There are 2 protein chains.
Amino acid sequence: MREPSICRTLAGKSGFSFGPTLPDRSHQTAHAGQLIYRANEPVDGVDVICEGWAFTFIMLFDGRRQILSFLLPGDVVSTTALVRDRLSVSVQALTDLRYCRFSKLELRSLMETEPKVFDQYASICVEEKEETDQLVTDLGRRTADERIARLVLALMARLGARGMANGESFPFPLRQRHIADATGLTPVHVSRVIGSFRNAGLIEITGRSLTVRNLDELRRVSSTR
Amino acid sequence: MREPSICRTLAGKSGFSFGPTLPDRSHQTAHAGQLIYRANEPVDGVDVICEGWAFTFIMLFDGRRQILSFLLPGDVVSTTALVRDRLSVSVQALTDLRYCRFSKLELRSLMETEPKVFDQYASICVEEKEETDQLVTDLGRRTADERIARLVLALMARLGARGMANGESFPFPLRQRHIADATGLTPVHVSRVIGSFRNAGLIEITGRSLTVRNLDELRRVSSTR
DNA sequence: CGGAAACTTGATCGAATTCAAATAAGGTGG
DNA sequence: CCACCTTATTTGAATTCGATCAAGTTTCCG
């Protein structure tokens, strides 16, 4: 079996597919909760998620944590590693994880010979930047209800684009602690908001999956236009 | 006179200098407060600030505004325009402005023949991403005092790197409304925080310039480590 | 089954917002 | 250069959204 077959076959706007030009490679694995990368340590390549979820975050000296993004299968873990030799963020596995690494050098030389790969990579970087800009706006100017509704909708859209959602249901491995750290809230308040969403018939979270029960209303609550 | 001479001669980690390889070009100008670019309208090139300040922002349908970055002389206005044909943010002149545009095509072909330019551009994009990640953390996990202290320190550092600060003093064309929209606060609360900083002997804002009176203490208040 | 982690719920607190009004600063035409 | 008008800033009082504190309760694993 050729690797990264999963990476290659993934579709969707953010899916990273190299085509068959790269050599076979073995994948790496990590268990749920494991720290994949610690901020400011050296990296020599770019990782792509093959299976499972991860997230990037910044931790302050006093323990405050901000989650910057959730990484799904097909996502590039650290786009900036192509240029930088260390990352400014840490990365942790949210579920059991399978991912593979592309060395800086092979990727850069590939991009020189294959303009398509360059364009694709550039596009991923731009999307990442645009999503981060949106997150800044969420945290700076939106209410708790809006932030959480938008997080749910964004995850649903990203999973849907990869064919990883069944209608209105999709896998949801996040703990409320993760939602809190991604939205700049406390776990207690996240619990209250999720509870109110549940009572209002907007969403339902059972086990490790989430079902949207009233998409229109959830969109309305998110105040997105 | 060759243009963009100002762009070319600017130093500092974020200063964008093309070298003498690009043809002369005339610059464009805008008055303070003028909207340079409206989100989602087409763009055909990348702008670089030659003189004056600008800022990028996202505006919600109901008037809430989030400022994403302040742009100083030498800064690239819209790095993503190299790849995208429209921006997801708007750009407004903070002071009277002079800037020049590089077409997508000339820039891309230049990057192909001059790897140095590519590296420099990539580096600017990465710095931009890293600063935005920091901003997310500021808005999600830091207090009002910390956010404002960090904004002042960041501007001082950026201006210092360009030789645009005289010791502890530097030009400061922001209104409190801009500080508020950049830090996710209200103008009223910004006034209170700035007032307390002033009373504590940390900073002083007179006319259009800011002086840091107690750098160590301002750093301590910012809780940066 | 048992123990730990995650979630829920209530009560209280607090940082920042909102509302309101006064004062200061800035810009413009006469 | 001044008078006037608009926009900023300051300050106080009341309010609110979300945080914190403190138990319960449920869920999840081993």
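In this text the structure is predicted, and so the values were computed from the model without any measurement. Proteins come first, then strands; the chains are lettered A, B, ... in the order of their sequence lines, and each starts at number 1.
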Check step by step if side chain to side chain contact (heavy atoms under 4.5 Å, CB included) holds for A:Thr137 and B:Leu60. CA-CA 9 Å; A:Thr137 309; B:Leu60 302 185; 4.0 Å; yes
Determine, step by step, whether B:Leu210 and B:Leu155 satisfy the side chain to side chain contact (heavy atoms under 4.5 Å, CB included) criterion, reporting the C-alpha distance in whole Å, the side-chain angles of both residues, the deciding distance to 0.1 Å, and the verdict. CA-CA 10 Å; B:Leu210 188 152; B:Leu155 286 174; over 6 Å; no
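Remark: B:Arg220 pairs with B:Glu217 by the side-chain hydrogen bond (donor to acceptor under 3.5 Å, both in side chains) rule, at least two apart or across chains. When the side-chain hydrogen bond (donor to acceptor under 3.5 Å, both in side chains) test is applied to A:Asp181, the partners found at least two apart in sequence or on another chain are A:Arg65, A:Arg177, B:Arg141. Listed by chain and residue number, B:Arg213 satisfy the salt bridge (Lys or Arg N to Asp or Glu O under 4.0 Å) test with B:Glu204 (two or more places apart in sequence, or in another chain). Qualifying ring-ring contact (aromatic ring centres under 6.0 Å, His included) partners for A:Phe55, counting only residues two or more places apart in sequence or in other chains: A:Phe57, A:His178. Remark: B:Arg219 engages no residue in a salt bridge (Lys or Arg N to Asp or Glu O under 4.0 Å) (not counting sequence neighbours).
Within residues 54-63 of chain B, no residue has a heavy atom under 4.0 Å from DNA chain D.
Counting only N and O atoms by type, the side chains of A:Arg142 and A:Ser223 include no donor and acceptor under 3.5 Å apart.
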Quick test: give all pairs of protein nitrogen or oxygen and nucleotides 15-18 of chain D nitrogen or oxygen below 3.5 Å, distance rounded to 0.1 Å.
residue : atom : partner  : partner atom : Å
D:dG18  : OP1  : A:Ala144 : N            : 2.9

If you restrict it to nitrogen or oxygen atoms, what contacts under 3.5 Å exist between nucleotides 4-11 of chain D and the protein, and what is each distance?
residue : atom : partner  : partner atom : Å
D:dT9   : OP1  : B:Gln176 : N            : 3.4
D:dT9   : OP2  : B:Gln176 : N            : 3.0
D:dT10  : OP1  : B:Arg198 : NH2          : 2.4
D:dT10  : OP2  : B:Gln176 : OE1          : 3.4
D:dT10  : OP2  : B:Gln176 : NE2          : 2.6
D:dT10  : OP2  : B:Ser191 : OG           : 3.0

Are there any protein N/O atoms within less than 3.5 Å of an N/O atom in nucleotides 23-25 of chain D, and if so, which ones and at what distance?
none

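Under 4.0 Å is where a charged nitrogen must lie from a carboxylate oxygen, and between A:Arg64 and B:Glu146 at least one such pair does.
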Listing, residues 186-196 of chain B side-chain donor-acceptor contacts under 3.5 Å, not counting sequence neighbours, or none:
residue  : atom : partner  : partner atom : Å
B:Thr186 : OG1  : B:His189 : N            : 3.3
B:Ser196 : OG   : B:Val193 : O            : 2.8

Let me have the donor-acceptor pairs involving side chains of residues 32-49 of chain B, under 3.5 Å, with sequence neighbours excluded, atom names and distances please.
residue : atom : partner  : partner atom : Å
B:Gln34 : OE1  : B:His31  : N            : 2.9
B:Tyr37 : OH   : B:Glu41  : N            : 3.2
B:Tyr37 : OH   : B:Glu41  : O            : 2.1
B:Tyr37 : OH   : B:Leu87  : N            : 2.8
B:Asp44 : OD1  : B:Arg101 : NH1          : 2.9
B:Asp47 : OD1  : B:Arg101 : NE           : 2.7
B:Asp47 : OD1  : B:Arg101 : NH2          : 3.4
B:Asp47 : OD2  : B:Arg101 : NH2          : 2.8

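Overall, the helix from C:dC1-D:dG30 to C:dG30-D:dC1 carries an axis bend of 60° between its ends, with five pairs at each end and the value rounded to 10°.
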